[in-house]
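Just the heavy atoms: all of them, side chains too, but no hydrogens, waters or symmetry mates, feed the values below. In what follows, residues are counted from 1 in the order of the sequence shown. All ligand and atom numbering here is 1-based and tracks the order in the structure.
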Amino acid sequence: MALYKIVIYPDPMLKRKAEEVHNLDHNIIKTIKDMTNTMYASKGIGLAGPQVGILSRVAVIDTSFGKDISHPLVLINPRIIEQEGYVKGEEGCLSFPNMYAPVARHERVLIEYIDKKGKEVRFEARDFLARVLQHEIDHLEGVCFIDRLSKIRRDIIKRKFLKKR
Ligand code: ZN
């Protein structure tokens, strides 16, 4: 089992846009497996490619908080095709250890992605899972959760975080 080292803010990797996956080859399957293991080992609920230095549009999610680690949601080339409502909720990120802030997200999203068998899937999520999906898809665009905050709040969080490190 190989684990990745998680990229920590302000690493410029977190600002880079990931590229579409065209081939579900051995490399990408292994990457996804290692990303899943890394997420569980870090007690995270989501991890996107750029957070481990992989600029491919892949993300893994598991919102069971370690209760059921056998069914991570594996998203390849995910994109939001419908969105509805707004709700604020506390968010954190493996690239910002011990840092949390309330972020406004869509309450419901309909996403489309490729699963690890290469099948195209449409999936609707609400509330917390919808939040995690939006957070991870943002990472593939080079966007972190602090980028969704007001400038004042973002500056405070940045300062606090960099001081702690
Ligand atoms: Zn994150």
Side-chain angles (χ1 to χ4, degrees), residues 2-21 28 31-67 69 71-80 83 86-109 111-114 116 123 125-151 153-165:
L3 293 181
Y4 284 111
K5 193 166 178 287
I6 293 176
V7 168
I8 303 295
Y9 179 83
D11 192 303
M13 179 60 77
L14 295 170
K15 291 250 175 224
R16 309 245 328 248
K17 204 173 153 168
E19 291 187 10
E20 291 238 331
V21 174
I28 201 80
T31 294
I32 288 166
K33 214 171 166 185
D34 291 342
M35 278 177 63
T36 307
N37 289 330
T38 304
M39 172 180 73
Y40 288 133
S42 319
K43 305 217 182 309
I45 53 175
L47 186 65
Q51 288 184 281
V52 292
I54 302 284
L55 288 174
S56 298
R57 298 183 84 81
V58 291
V60 292
I61 290 177
D62 187 335
T63 54
S64 74
F65 292 96
K67 280 183 225 122
I69 64 165
H71 300 289
L73 185 56
V74 172
L75 309 168
I76 299 160
N77 300 341
R79 61 191 187 96
I80 295 169
Q83 52 211 19
Y86 267 108
V87 61
K88 253 192 184 181
E90 198 80 344
E91 238 170 81
C93 179
L94 286 175
S95 296
F96 292 78
N98 304 313
M99 213 64 216
Y100 303 90
V103 183
R105 298 279 187 190
H106 295 295
E107 198 200 333
R108 180 190 76 92
V109 291
I111 67 159
E112 211 169 62
Y113 66 94
I114 310 278
K116 60 185 174 189
F123 178 72
R126 289 175 180 277
D127 305 317
F128 189 64
L129 181 54
R131 170 172 301 279
V132 179
L133 286 166
Q134 291 168 81
H135 180 116
E136 299 313 327
I137 291 172
D138 264 359
H139 273 305
L140 303 178
E141 293 296 321
V143 174
C144 288
F145 79 112
I146 64 163
D147 298 321
R148 296 282 183 195
L149 304 175
S150 68
K151 187 180 180 315
R153 212 178 249 277
R154 180 166 59 242
D155 287 346
I156 292 170
I157 294 248
K158 266 190 202 171
R159 240 197 335 267
K160 255 204 219 164
F161 185 73
L162 295 175
K163 212 167 111 188
K164 271 206 290 189
R165 298 206 65 83

Mind checking side chain to side chain contact (heavy atoms under 4.5 Å, CB included) for Pro10 and listing every partner two or more places apart, or none if nothing turns up?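 Only Leu162 meet the side chain to side chain contact (heavy atoms under 4.5 Å, CB included) criterion with Pro10.
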Salt-bridge criterion met for Arg57 and Glu136 (N-O under 4.0 Å): no
Looking at every heavy atom in both Gly142 and Asp147, which two are closest together, and how far apart are they?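 What the structure gives for the nearest pair is O-OD2, 4.2 Å.
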Determine the minimum heavy-atom distance between Pro50 and Val7, stating which atoms define it.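 Looking at all heavy atoms of both residues, the shortest contact is O-CG2, 3.8 Å.
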Any protein N, O or S atom under 2.8 Å from the Zn ion (ligand 1)? Found Cys93 SG, His135 NE2, His139 NE2
Spacing of CD belonging to Gln51 relative to CD1 belonging to Ile8, to within rounding of 0.5 Å: 8.5 Å
Using a cut-off of 6.0 Å, state whether more than 12 heavy atoms not belonging to Lys164 lie near its atom NZ.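 Atom NZ in Lys164 is crowded, with more than 12 foreign heavy atoms closer than 6.0 Å.
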